[in-house]
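Working notes, beginning with the structure itself.
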Amino acid sequence: MSKPASIDEAEVRKVAALARLELDDAEVATMATELSSILGYVASLDTLVVSSVEPTAHAVASVSPLRDDIAEEGLRRDEALAAAPQTFGGAFVVPKVKEGS
Amino acid sequence: MSGGPLHKLGVVETAEEVARGGVSAVEVAKAAIARIAARDRELGAFLYVDAEGALAEAAEVDRRRARGESLGALAGVPVALKDVLCTRGIPTTSGSRVLEGWIPPYDATVVTRLRAAGAVLVGKTNMDEMAMGSSTENSAYGVARNPWSLDRTPGGSSGGSAAATAAAFVPAALGTDTGGSIRQPASLCGIVGVKPTYGRVSRWGLVAFASSLDQAGPFARSVRDAARILGVIAGHDRRDATSVQRGVPSYEAACGRDPRGVRVGYVRETAAEKGLDPSVRHAVAEAVEKLASLGAEVREVSLPHAHHGLAVYYLVAPAEASSNLARFDGMRYGPRVTGNDLASTYAKTRARGFGKEVRRRIMLGTYALSAGYYEAFYLKAQKVRTLIRQDFERAFGEVDVIVGPTSPTPAFRLGEKVSDPLSMYLADVFTLPASLAGVPAISVPCGSSDEGLPIGLQLVAPAFEEERLFTLAHAYEQATRWKDRHPHAYW
């Protein structure tokens, strides 16, 4: 796969939308410059041939242990809700979901 | 009391004095709190001091002693906690506005273990926001300063914990290390810092940055003190599936073992690193000679892919961070900035909550994981991570411990690197490879620059062989004078 040598402002805006980050115009421009510089640096990895190398996701190989299936106390509902900006009737209140409007 | 001011006591000394009745835990706690109140304004090491809680814990230790009950390994020892570790009832910000005002309803497992051992938790320390940085300048709550020179950084991201320990506000502190965030500040502040093997210490209750790399570990002013703290916090935790089911050896017993015959490898490629300061090069060379004079068998080893560590890290860690930090959305905790709809509320909340470096890394990680680029960036980085891991496996077939500099330079000036992210990232060039390989490492003081700033020696061992680090670092520490150097203004 080919990859771009740099990242332009349109790409920065697209990624910011994916990351749910509001950036103003000035930061979009700065971000394009800084990310391009970092991507330029990491391009040094292209000197390595790794087609036959297995990827490492975790350094220490481990199996997922299972605990006994016994119910235990978790956080109480009031504790879980205590830090929420807005709650109602024992639930988190979130803004209306209205994509694309 | 055995004489001398209380703040000069180390971890083991404090616990012994308290157990012996030479000093009360409350006296020790009061002295620590008074020093922080008097001197931390200039240092910025603490974000929150829990004087009331600390005095209550200390009083409980004294009551237990008075009743003749058994005391823990850290009875009455003041310990500071990096603010990335959750503390029940005590604010935890991870250095970020996104968690401003949040009070966790639970303790991190490492905090639970410190409490159970009788430690007196005095407060939460300053850090780079979300543990992203090498200078503590990315904290949303002001910079921390180096007690050796106030216009310099204590390092990062655990800069507050390192500064607090070096300034003798506390005999020990916990930090976390994702790419060097314990070892590099330990080096810059002239103290001991340990990054345990990945999986050795529970990550439960640690605000996640990069989950395949994060580990908590101790700062202390001596190797033995660090060993005692690690012995308390290490071990399996069923709340963290990546913590291993494996016994914890006595790290203190490893301090004092004979280092003769230990095979020590000096990494050939270190000298080629362009940013290596001559004073660091010189101090490390002398330290290697000292290890040889103590009976270690020194030889060269090669880590041919280690110099790719920086590039690998700056793809893997931001990728994991961009996923981990998705939880900070203003719905369940933290301040919310309301927009027209859910998506804009997320975007505004996160834009206000996260600082510049965190935004940059979220963007980098999101980009590296996004459709079309995943294989070219993230998968490639994971493959090179394998090569780095294999370098260590090969080298550890020839030697028991690998030695080199912790940081390429002594403490740099505040403001010196903030405008150039890549130059800041290079501060971690020697610590990143061990993080990527998941192996344990320690930084121990080994020298002084022309300006009198501390220099650190990094020792790296195979996975779960922390004892080798303690044996060698302790022997080196006892044979050199660096343990007796302290920042004059705070000693």
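For chain A, no part of B/Gln390 is nearby; none of its heavy atoms comes within less than 4.5 Å. The part of A/Glu54 that comes within reach of chain B is its backbone (N, CA, C, O), which places non-hydrogen atoms under 4.5 angstrom from that chain. For a residue to count as touching a neighbouring chain, one of its non-hydrogen atoms must lie under 4.5 Å from one of that chain's; by this rule B/Ser322 does not touch chain A. Of the atoms belonging to B/Ser211, it is backbone heavy atoms, and not side-chain ones, that fall under 4.5 Å from chain A. Of the two parts of A/Leu81, neither the backbone nor the side chain holds a non-hydrogen atom closer than 4.5 Å to a non-hydrogen atom of chain B. Contacts between B/Thr338 and chain A at a heavy-atom distance below 4.5 Å are absent for every atom of the residue. Proximity to chain A is limited to the side chain of B/Arg389, based on heavy atoms less than 4.5 angstrom apart. For B/Tyr378, no part lies near chain A; criterion is any non-hydrogen pair under 4.5 Å.
A salt bridge links B/Asp240 with B/Arg203; the closest basic N to acidic carboxylate O contact falls under 4.0 Å. Using a 4.0 Å cut-off between a side-chain N of Lys or Arg and a carboxylate O of Asp or Glu, B/Arg88 and A/Glu79 qualify as a salt bridge.
For the residue pair B/Asp428 and B/Ser134, a side-chain donor N or O sits within less than 3.5 Å of a side-chain acceptor on the partner. Side-chain atoms of B/Glu129 and B/Ser94 form no donor-acceptor pair, as typed in the model, at a separation below 3.5 Å.
In this structure, B/Arg361 CZ and B/Met130 CE are separated by 12.5 Å, a value rounded to the nearest 0.5 Å.
Between chain A and the residues B/Ile103, B/Leu315, B/Asp329, B/Thr197, the most heavy-atom pairs under 4.5 angstrom are made by B/Leu315. Ranked by heavy-atom pairs under 4.5 Å with chain A, the first of B/Arg352, B/Arg385, B/Lys356 is B/Arg385. In terms of heavy-atom pairs under 4.5 angstrom with chain B, the leader among A/Val12, A/Leu18, A/Val15 is A/Val15. When each of A/Glu27, A/Arg76, A/Arg67 is checked for heavy-atom pairs under 4.5 Å with chain B, A/Glu27 comes out on top. Top candidate by heavy-atom pairs under 4.5 Å with chain B, chosen from A/Ala16, A/Pro85, A/Ser51, is A/Pro85.
Aromatic pair B/Tyr425/A/Tyr41: ring centres not closer than 6.0 Å.
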task = Determine, step by step, whether B/Leu325 and B/Met132 satisfy the side chain to side chain contact (heavy atoms under 4.5 Å, CB included) criterion, reporting the C-alpha distance in whole Å, the side-chain angles of both residues, the deciding distance to 0.1 Å, and the verdict.
result = CA-CA 12 Å; B/Leu325 271 52; B/Met132 296 179 188; 3.8 Å; yes

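The local environment of CD in A/Glu73 is sparse, with at most 12 non-hydrogen atoms from other residues, nucleotides or ligands closer than 6.0 Å.
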